[in-house]
**Student:** 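Okay, handing you the structure first.
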There are 2 protein chains.
Amino acid sequence: MEMDGRKRKILDAIIRNYLETGEPVGSRTISRYTDLHLSSATIRNEMSDLEEMGFIVQPHTSAGRIPTDKGYRLYVNSIVETKMQKTEAMTSLMIYRTNRLEEMLKQVVRLLASMTNYTTMISAPSYRGSKVKFIQLSRLGPRQLLNVVVIEGNIVRSHIIDLVTDIDEETVYRLNMLLNSKLSGLTLMDINLGLISSMKEEAGSHAEVVSDVLDTIADVIRAETDEKMQIYTSGADNIFRYPELADSTKARKLISTLEEKSVLVDFVKETRERESQGETGIQVYIGDEGPVEDMKDCSVVTASYDLGDGLTGTIGIIGPKRMDYEKAMRNLKEMKKSLDNLFGGASAREPTGPGDRDAPANAGAAAGANGAWPGAGSGKPEDGK
Amino acid sequence: MEMDGRKRKILDAIIRNYLETGEPVGSRTISRYTDLHLSSATIRNEMSDLEEMGFIVQPHTSAGRIPTDKGYRLYVNSIVETKMQKTEAMTSLMIYRTNRLEEMLKQVVRLLASMTNYTTMISAPSYRGSKVKFIQLSRLGPRQLLNVVVIEGNIVRSHIIDLVTDIDEETVYRLNMLLNSKLSGLTLMDINLGLISSMKEEAGSHAEVVSDVLDTIADVIRAETDEKMQIYTSGADNIFRYPELADSTKARKLISTLEEKSVLVDFVKETRERESQGETGIQVYIGDEGPVEDMKDCSVVTASYDLGDGLTGTIGIIGPKRMDYEKAMRNLKEMKKSLDNLFGGASAREPTGPGDRDAPANAGAAAGANGAWPGAGSGKPEDGK
DNA sequence: TGTTAGCACTCGTTATGTTGGAGTGCTAAC
DNA sequence: GTTAGCACTCCAACATAACGAGTGCTAACA
């Protein structure tokens with residue numbers, strides 16, 4: 001069967017109507033909703049065809065039609081093709097100046113939730129590609145060391161190491177030399193367990209201490225793997241806006257899934273995967289298309305963001321299948337843009353401000369410290385209600 | 001009206017039965033449920049009295065009775081008096097050895113949720129009473145410093161500071177001396193803004209640098225105030241086990257409250273408050289008794305834990321009013337004990353090997369990792385716009 | 001050949017009884 | 001003081017009916 005323009009229009013009308021009401025939509029509604037000026041009978045015929053083609057279904061006999069995943073997919077694709085080309089101007093972020101990336105992420109995700117009235121998620125940026133800049137051991141006591149690792153992008157990780165044997169300042173000094181010469185400049189991915197064990201051998205007389213230190217560093221690396229990826233969510237209560245998700249069985253599963261953020265990592269992975277395969281921009285997972293079984297009644301829209309210095313993460317919107325895809329994608333796109341530019345996207349650098357912005361590695365800290373959020377100013381959640 | 005033993009037994013029976021079923025309980029049920037061997041008619045008379053006294057109510061005429069907050073309160077008090085005296089042996093924590101305090105807290109709260117089938121919360125330990133142990137500035141570049149603050153209990157906070165003017169190693173060294181001599185040994189509460197500003201004056205030629213550094217430290221302190229207190233929750237989906245909380249309006253409010261963890265801080269504060277007033281052990285908030293308006297259909301059971309070194313926090317169980325108070329209090333008490341002993345209750349302090357000591361040390365580091373993100377103000381927050 | 005009007009039919013929703021049971025309060029008898 | 005009995009209330013469950021939305025089909029029409 002062929003998909004002609006009229007069928008297309010009718011399908012669009014059905015979906016759009018269903019997005020608004022959440023109720024199955026009948027032929028009569030469409031007959032007047034569209035500018036096609038067709039009688040309900042004709043529409044019925046077409047709907048019958050569309051059902052046969054798999055774009056819509058009846059929840060039960062003699063009810064209106066609702067879109068299938070396949071129908072949604074077509075709709076989303078058409079949005080991507082048409083509307084998304086003319087990207088609108090970025091609305092500026094209403095993010096208060098904060099000191100911590102963590103707070104910033106929470107605010108972003110909260111803002112997005114209040115803008116869209118959907119549940120939202122964001123993954124903390126992972127910096128697998130970033131290089132080790134500086135390692136320092138300090139002696140806190142005869143058997144206690146402070147280990148600080150600074151990574152490109154000015155990420156700092158610090159641990160305290162308790163030793164079994166005493167250690168003196170001299171040894172600490174030599175260890176510092178060894179660690180910096182061996183490890184700086186390498187990415188966290190480069191510092192694999194193989195390298196670490198070979199370094200342990202080289203360590204000679206202080207093998208034990210080195211071993212402890214390296215184990216700690218290995219912990220740092222391990223802590224940044226996918227399994228431990230930090231994910232923040234917001235607006236979980238929004239699912240109660242949509243009756244089809246709000247019945248207690250489904251809601252419970254969803255809440256549980258959102259709380260157990262580990263499964264959300266699958267969306268981050270999947271998004272990263274797709275992006276690496278050339279698909280770029282906004283990803284849409286409709287129902288079963290997503291990697292998470294318990295979210296098959298939902299659609300998820302995701303995008304990757306890039307803070308620079310290899311710090312990339314994923315931000316997403318989770319809603320019912322009848323979510324307002326267009327708005328969601330628009331909001332997400334804007335948010336992505338804001339994040340991409342946060343720490344000095346090439347065009348967004350402002351030469352004003354006290355900080356030394358020249359060194360690229362500086363950008364993150366400088367921007368954050370000086371509160372030079374791009375376009376801090378107006379920008380309202382659209383359509384609160 | 002007097003509260004005699006029989007009334008007491010009947011009230012107990014009513015409450016216990018209601019805890020199990022969630023349904024209003026009638027006189028006939030009680031007549032057989034108890035070992036009083038009274039007819040339903042007699043029970044009815046007594047129930048009528050109990051209602052007059054305010055311990056139970058009828059949800060509607062000719063329904064059974066359900067406990068009021070006052071009734072619950074009496075019941076809880078009786079548990080405290082009788083059962084809780086013989087504290088049972090602590091069941092050992094099924095917590096995997098983890099490197100990060102954060103992970104540990106999440107596991108605790110998850111474990112407690114799965115044990116009780118209620119929603120649970122835990123506040124990250126605050127260390128307001130802890131002393132500064134060690135401050136270190138390291139020079140990363142001509143205008144960039146790494147600032148590490150170690151606090152008693154091996155909490156580490158590190159920030160990167162971007163300066164407006166260049167700084168040399170010599171100055172960094174002198175600054176280190178100044179900071180350590182002035183600040184170590186003081187608690188975070190002692191280091192108030194007054195002290196900081198007086199130090200700024202003393203700084204002399206490097207006033208600007210000192211100012212930057214001290215501002216950063218001030219930020220660290222500020223970041224540890226109540227408003228920023230970290231709270232973890234788990235088992236939010238458990239509210240759907242209890243129909244009286246699961247209708248979409250209430251559930252939505254609750255989910256929203258749990259997500260917006262900031263209001264949960266009120267429970268932490270309240271618990272701390274009560275403890276400082278001599279009340280000790282387990283706190284129970286029934287309905288309105290708690291500080292949070294949106295949780296008036298819930299009861300909350302809380303306890304403080306103490307990891308040692310002044311690191312104290314609060315752990316709590318959130319459930320319906322008909323929660324199994326006895327079990328909740330028991331579980332909470334055990335969990336509290338486990339936490340109190342975790343990092344070496346007096347007896348457990350022996351250094352039995354590096355493994356044991358790892359936990360506390362790294363726990364601190366984890367907290368440090370959180371604060372490791374750049375963005376502690378570099379001093380001159382001229383707002384970019 | 002495509003479009004439309006009309007009609008019978010289905011099915012979910014809502015409103016309206018109807019009934020049974022659980023529970024109460026009251027009273028009188030033990 | 002306790003109990004049995006009775007009338008009454010009210011909820012929950014069920015059945016029934018009315019209604020409306022929507023469909024599929026057929027026949028008529030342009």
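Throughout, a chain's letter reflects where its sequence line sits, starting with A, and its residues are numbered from 1.
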**Student:** Please report, rounded to the nearest Å, how far the P atom of C:dT4 is from the CG atom of A:L36.
**Tutor:** 10 Å
**Student:** Is there a side-chain contact between A:S27 and the phosphate of D:dT23, meaning an N or O under 4.0 Å from OP1 or OP2?
**Tutor:** yes
**Student:** Let me know the distance between OH of A:Y18 and C1' of D:dG22, rounded to the nearest Å.
**Tutor:** 16 Å
**Student:** Can you figure out which of C:dG25, D:dT23, D:dT3 approaches the side chain of A:M47 most closely?
**Tutor:** D:dT23
**Student:** Would you say NZ of B:K9 has more than 12 non-hydrogen atoms from neighbouring residues, nucleotides or ligands within 6.0 angstrom?
**Tutor:** no
**Student:** Could you give the CD1-to-P distance, from B:I43 to C:dG25, as a whole number of Å?
**Tutor:** 13 Å
**Student:** Choosing from D:dC11, D:dG24, D:dT9, which nucleotide comes nearest the side chain of B:H60?
**Tutor:** D:dC11
**Student:** Taking CD1 from A:I30 and P from D:dA21, how many angstroms apart are they, rounded to a whole number?
**Tutor:** 16 Å
**Student:** Within this structure, what is the NE2-to-P distance between B:H37 and D:dA4, rounded to whole angstrom?
**Tutor:** 14 Å
**Student:** OP1 or OP2 of D:dT3 less than 4.0 angstrom from a side-chain nitrogen or oxygen of B:T42, does that happen here?
**Tutor:** yes
**Student:** Got a second to check how far A:S39's OG is from A:R28's CZ, nearest 0.5 Å?
**Tutor:** 10.5 Å
**Student:** Below the 4.0 Å mark, does C:dT3 have OP1 or OP2 next to a side-chain nitrogen or oxygen of A:R6?
**Tutor:** yes
**Student:** Can you find a donor-acceptor pair, distance only, under 3.5 Å between A:R44 side chain and C:dG6 base?
**Tutor:** yes
**Student:** Which of the following nucleotides, C:dC11, C:dT24, C:dT4, is nearest to the side chain of A:N45?
**Tutor:** C:dT4
**Student:** Nearest heavy atom decides the nucleotide; on that basis, is A:T29 or A:A41 closer to the 5' end of DNA chain D?
**Tutor:** A:T29
**Student:** Find the partner of C:dT27: check Watson-Crick (N1-N3 plus N6-O4 or O6-N4) and G-U wobble (N1-O2, O6-N3) distances, both under 3.5 Å, and reply none if neither fits.
**Tutor:** D:dA4
**Student:** If you count the non-hydrogen atoms of other residues, nucleotides and ligands that lie under 6.0 Å from NZ in A:K253, is the total more than 12?
**Tutor:** no
**Student:** Do A:D297 and A:K321 sit within salt-bridge range, that is, some charged N less than 4.0 Å from a carboxylate O?
**Tutor:** no
**Student:** Which residues in residues 241-250 of chain B have at least one heavy atom lying under 4.0 Å from any atom of DNA chain C?
**Tutor:** none
**Student:** What is the distance, rounded to the nearest whole Å, between atom CD of A:Q58 and atom P of D:dA21?
**Tutor:** 16 Å
**Student:** Establish, from distance only, whether the side-chain atoms of A:T120 and A:Y232 form a donor-acceptor pair under 3.5 Å.
**Tutor:** no
**Student:** To the nearest Å, how far apart are A:I66 CD1 and D:dG22 C1'?
**Tutor:** 15 Å
**Student:** Could you tell me whether the phosphate oxygens of C:dG25, OP1 or OP2, come under 4.0 Å of any side-chain nitrogen or oxygen in B:R65?
**Tutor:** yes
**Student:** If you compare all heavy atoms of A:I15 against all heavy atoms of A:G71, which two are closest, and at what distance to 0.1 Å?
**Tutor:** CD1-O, 3.4 Å
**Student:** Using whole Å, what does the distance between atom P of nucleotide C:dG21 and atom CD of B:E23 come to?
**Tutor:** 18 Å
**Student:** Can you tell me how far CE of A:M53 sits from OG of A:S48, rounded to the nearest 0.5 angstrom?
**Tutor:** 9.5 Å
**Student:** Is there a donor on the side chain of B:S39 or the base of D:dT3 sitting less than 3.5 Å from an acceptor on the other?
**Tutor:** no
**Student:** Are B:I43 and B:T29 side-chain neighbours, meaning at least one heavy-atom pair lies under 4.5 Å?
**Tutor:** no
